[in-house]
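Note on naming: letters A, B, ... go to the chains in the order of the sequence lines (proteins, then strands), and numbering restarts at 1 for each one.
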Number of protein chains: 2
Amino acid sequence: MAGRDLLPGQRVTRQRRLLLNIIRGGGGHLDADEIYRRARDLDPRVSLSTVYRNLSLFSRLGLIEERHFDDAHHHYEARTSSEHYHMRCVSCGKVIEFESNLTEHIKEDAARHTGFKVTGGEFHLVGYCRECAPKS
Amino acid sequence: MAGRDLLPGQRVTRQRRLLLNIIRGGGGHLDADEIYRRARDLDPRVSLSTVYRNLSLFSRLGLIEERHFDDAHHHYEARTSSEHYHMRCVSCGKVIEFESNLTEHIKEDAARHTGFKVTGGEFHLVGYCRECAPKS
DNA sequence: TTATATGCAAAGACTTTGCCGTTCA
DNA sequence: TGAACGGCAAAGTCTTTGCATATAA
């Protein structure tokens, strides 16, 4: 984590650097507990509350995004330049990403229908992956 | 709730009838606690665990659907014939529905890209509603 | 009658917070 | 040095579960 990610008055700490590296390199879709376990493996001096506090900070700063699949808990991923969406297998739980240039059109559609000024969105599709489809 | 909604061995109870009526008439997007409060107003002999147990049952039977906005808790709505999607105001929290025929195309797109057999999806857009946009 | 459902209270999973010692700038 | 941060444990919120009683069929 570089200083430029933070606002004045906020510090670059060992924990923050570590957590952001894990999220950015983690292949996306990590939950708080997974981030915590990976952080501990690299540095046992990290607590779960620090994980939550910093996930919340990173989120507010726009460095990461919080995703809501239908588990009880949240997943986090680094914010990247390219928008992408998620497809989850209801059988094995695997999540993969996809992109579609139609999503922009949906946003326009929705803005026209609802009068909203659209700022973002989540598109979560579910189904059966190639491995699980035959069993279903 | 009519008997035809249930499977053999499942009973039509006072509570189930009441809860399903609330969800079906509730304008959609109720959370468990709101359903509980409305149920209590109509019949104080209803417990929160009954609400959760039956939301889970209705969900398994496909009578209702569980939605995951970015609150900590879930929202439920009656399953209807027409698919629709949600737009939420990040400022006041209002949720309204929209339809778009593009969603079918996105599903096809995604299926082609990922190899999944797509069975459903949630499209949640966020932004500012007509009332809140000027303030933002 | 009897298996299913409910009510209550306790437990569980995930997340947030208070307090105080630590650390970055 | 001092304001921001982290660690720990306790508290909070939403949801699930165990068990004894009530009830639909």
Give a yes/no answer on whether the side chain of [X] brings an N or O atom under 4.0 Å of OP1 or OP2 in [N].
X	N	result
Thr50(A)	dG6(D)	no
Arg16(A)	dC5(D)	yes
Ser49(B)	dT15(D)	no
Gln15(A)	dC24(C)	no
Arg14(A)	dC24(C)	no

| message | Let me confirm one number: the CD-NZ distance from Glu131(B) to Lys94(B), rounded to the nearest 0.5 Å. | response | 4.0 Å

| field | Value rounded to 0.5 Å, distance of CD1 in Ile35(A) from CG in Leu19(A) | value | 7.5 Å

Whole-Å distance separating the [atom1] atom of [X] from the [atom2] atom of [N]:
X	N	atom1	atom2	value
Gln10(B)	dA5(C)	CD	C1'	11 Å
Asp43(A)	dC5(D)	CG	P	18 Å
Phe58(A)	dG6(D)	CZ	C1'	13 Å
Tyr36(A)	dT16(C)	OH	C1'	15 Å
Leu48(B)	dG7(C)	CG	C1'	11 Å
Arg40(A)	dG7(D)	CZ	C1'	10 Å
Asp33(A)	dA13(C)	CG	P	11 Å
Arg17(A)	dC24(C)	CZ	C1'	10 Å

| field | Closest-nucleotide 5' rank along DNA chain D - winner of Arg45(B) and Tyr52(B) | value | Tyr52(B)

| task | Evaluate whether atom NE2 of His73(A) has more than 12 neighbouring non-hydrogen atoms of other residues, nucleotides or ligands under 6.0 angstrom away. | result | yes

| message | By the 4.0 Å heavy-atom rule, please label Asn54(B) as base, sugar-phosphate, or nothing. | response | sugar-phosphate

| field | Among dT15(D), dA25(D), dT15(C), the nucleotide that comes nearest once only the side chain of Ala32(B) is considered | value | dT15(D)

| remark: Testing dA25(D), dT6(C), dT15(C) for proximity to the side chain of Thr13(B), the answer is dT6(C)

| query | So, the side chain of Arg16(A) versus the backbone of Asn54(A): is there a donor-acceptor pair under 3.5 Å, distance only? | reply | no

| query | Is the distance between the ring centroids of His86(B) and His29(B) less than 6.0 Å? | reply | yes

| Does any N or O donor sit under 3.5 Å from an N or O acceptor when you compare the side chain of Arg11(A) with the base of dA25(C)? | no

